[in-house]
2 protein chains.
Amino acid sequence: MPTENNRTGERNVAAIERAADVLFLFANSDNQTLGVTEISSTLDISKAVVHRILASLRDRGLVALDEESRRYSLGPAVLVLADAYLDGIDQRSIAAAAMRRLCTATNETVTMSVLTGGRRVYVDQVTPPMEVKMTVQVGASYPLHAGASSKAFLAFESPEVRDQVLSGDLPAVTSETITSRSDLERELAEVRTRGWAVSLGERESGAGSVAAPVFDQGDVPVMVLSVCGPVERFRDRVEEVAGLLLTTTEELSRQFGHREPSPAGH
Amino acid sequence: MPTENNRTGERNVAAIERAADVLFLFANSDNQTLGVTEISSTLDISKAVVHRILASLRDRGLVALDEESRRYSLGPAVLVLADAYLDGIDQRSIAAAAMRRLCTATNETVTMSVLTGGRRVYVDQVTPPMEVKMTVQVGASYPLHAGASSKAFLAFESPEVRDQVLSGDLPAVTSETITSRSDLERELAEVRTRGWAVSLGERESGAGSVAAPVFDQGDVPVMVLSVCGPVERFRDRVEEVAGLLLTTTEELSRQFGHREPSPAGH
DNA sequence: GGTGTCTGTTCCGCAGAGCGGAACGCTATT
DNA sequence: AATAGCGTTCCGCTCTGCGGAACAGACACC
């Protein structure tokens, strides 16, 4: 039996999934440009096929070819998709006003993250009018074990997802990252009982953050909001910020149809 | 002979191009979500195939399915690609310093655009620290006939590309948009001789902009920089801004290997 | 300037992936 | 009940596209 490459059990089109894998290889690899052979050996697809996939993607502008070096890179068309995606998430517009208010109340940057492919991606942010403030990269993705937003997701995810992350590697992103499985489990249990997560430099040195999820009808977190900024400004006001944050996320959860006012209640 | 759907004459994979077309349909359509039948009839692909394409794309996070409404939308994974793409364009880092300087000198927003699939896409911007300023949406795409940046591209594109745009529709984006072919041709000729383009509200009402291309070794424009802001602040200083802009783009063109100091010379 | 070793690209015949018409289950609407 | 729309699934035949191998350049080494 050949290796199954599709995650769902559906009747899929292998060529499309391979093409997607090629695209993500550009995103995950350290190099910005890739050659045919490199892709072929990494993904274990024959050179001929890789070449045809690239030709097709190139045809649609999703990858670009540098004629000189004969090396491939992502094409500008991916921006068009990203722009359309960002326009489309109604969570963004629903939460925008609440995020601005939270930003004004705390005087710190407020971010929104969603989950994709086992990682967390920033989809929006509101920054305060201050000289020294934190800015995140919308579109950047991070693993689920490091940082407040990631922990907020992980704590409220299904046990299966949680197990999968916990049983994998927990690489140290900074010197403060929690890298032991048991420590992280204890931390996540605590996040669940109090309803929010905190990180002081676990994902980015010098950055402090408090994060809490917004739920929909089920108990599935649809997104996580975080308040983040320079760690020195954060250390002494974690509780205060967490209170403001929870007020915001609970109100949003209600808007998304979540019933059960206190997620901390048994 | 069935309709040819690939633009290049290469040996491509039809399934991948169809999948890409589905993705772009999300970006181009007015609705944020699409149903199987809708996609099927718009792209003239059988429902069964559309369904399988969507299953595959969903598997990789490129589209998302709202279980309730059974409607599809773009997925968060497109953000990951866009983020990687933006990291990858070295034009951005090369031009970043020059753009900041131009922004400081003019006290207006400076943007960078590239060409993709017959449209223009913003890939970067630098904004001045002012209360009233212009902000563009990085990733947003526009047609090639409206606005200063678009005209700057079109004027220096190959005659074939220019002809293709000029012989198509020239829809009015605002009341100021040039919609007559002959008017636009005259305008483009002028842009070519003086080296820069100007628009007062052609693409966005109330927005003024001056734009000029940066060339590589050949005479192909690799990107277009624009200085843009509220039209009232622009009307009286077009020439002044154009001078500063040209100094910047000519310096950048030299960095990209362009020889021929005055593109206006015969 | 041969000779070797990398690239990326093209060729072509065989095999099985995936196309598509039709059937199926749903949910609304009448 | 009946109709009409949707998304999903089925299955047999067909033609796409897989992949080993050959090819064409670009370097590097001696």
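This one's a predicted model, so the numbers in the text were calculated from it and none came from an experiment. Here is how names work: the chains are called A, B, and so on, in the same order as the sequence lines, proteins then strands, and each is numbered from 1.
In this structure, A:Ile16 and A:Ser69 both approach DNA chain C, and ranking their closest nucleotides by distance from the 5' end singles out A:Ser69. Comparing B:Val49 and A:Leu65 by the nucleotide of DNA chain C whose heavy atom lies nearest to each, the residue mapping closer to the 5' end is A:Leu65.
Side-chain contact between B:Leu34 and B:Ser29: present, with at least one pair of heavy atoms (C-beta onward) separated by less than 4.5 Å.
A:Ile94 is linked by a side chain to side chain contact (heavy atoms under 4.5 Å, CB included) to A:Leu252, A:Gln255, A:Phe256, counting only residues two or more places apart in sequence or in another chain. Partners of A:Asp124 by salt bridge (Lys or Arg N to Asp or Glu O under 4.0 Å), not counting sequence neighbours, listed by chain and number: A:Arg92. By the salt bridge (Lys or Arg N to Asp or Glu O under 4.0 Å) test, B:Asp87 pairs with no residue at all, sequence neighbours left out. Scored by the side chain to side chain contact (heavy atoms under 4.5 Å, CB included) test, A:Pro76 finds B:Tyr85, B:Val114, B:Thr116 as partners (sequence neighbours excluded). A search for salt bridge (Lys or Arg N to Asp or Glu O under 4.0 Å) contacts involving B:Arg100 returns nothing, not counting sequence neighbours. By the side chain to side chain contact (heavy atoms under 4.5 Å, CB included) test, B:Thr42 pairs with B:Leu25, sequence neighbours left out. For A:Glu67, the salt bridge (Lys or Arg N to Asp or Glu O under 4.0 Å) partners at least two apart in sequence or on another chain are A:Arg70. Contacts of B:Phe24 classified as ring pair (Phe, Tyr, Trp, His ring centres under 6.0 Å), with partners at least two apart in sequence or in another chain: none.
Contact annotation: B:His51 side-chain N/O to D:dG7 OP1/OP2 distance is not under 4.0 Å. Side-chain nitrogen and oxygen atoms of A:Arg70 include none within less than 4.0 Å of the OP1 or OP2 phosphate oxygen of D:dA26. Checking the phosphate oxygens (OP1, OP2) of D:dC6, no side-chain nitrogen or oxygen of B:Tyr72 falls inside 4.0 Å.
Judged as a salt bridge (Lys or Arg N to Asp or Glu O under 4.0 Å), the pairs with a partner in residues 30-45 of chain B (not counting sequence neighbours) are, in order, B:Glu38-B:Arg71.
Note: CZ (B:Arg58) to P (D:dG7) measures 14 Å, nearest angstrom. A straight line from CD1 of A:Ile53 to C1' of D:dT16 spans 14 Å, rounded to a whole angstrom. Atoms CG (B:Leu54) and C1' (D:dT8) sit 12 Å apart, rounded to a whole Å.
Not a single donor-acceptor pair, N or O on each side, falls under 3.5 Å between the base of D:dG17 and the side chain of A:Arg18. A donor-acceptor contact under 3.5 Å is formed by the side chain of A:Arg52 with the base of D:dG19.
Residues from residues 41-48 of chain B lying near DNA chain C, meaning a heavy-atom separation below 4.0 Å, are B:Ser46, B:Ala48 in numerical order. If you check residues 28-40 of chain A against DNA chain C, the residues with a heavy atom closer than 4.0 Å are A:Gly35, A:Val36, A:Thr37, listed by number.
Summary for the helix from C:dG1-D:dC30 to C:dT30-D:dA1: the axes at its two ends, each from 5 pairs, differ by 40° when rounded to the nearest 10 degrees.
With A:Tyr142 as the aromatic partner, A:Arg203 meets the cation-pi criteria of under 6.0 angstrom to the ring centre and within 45 degrees of the ring axis.
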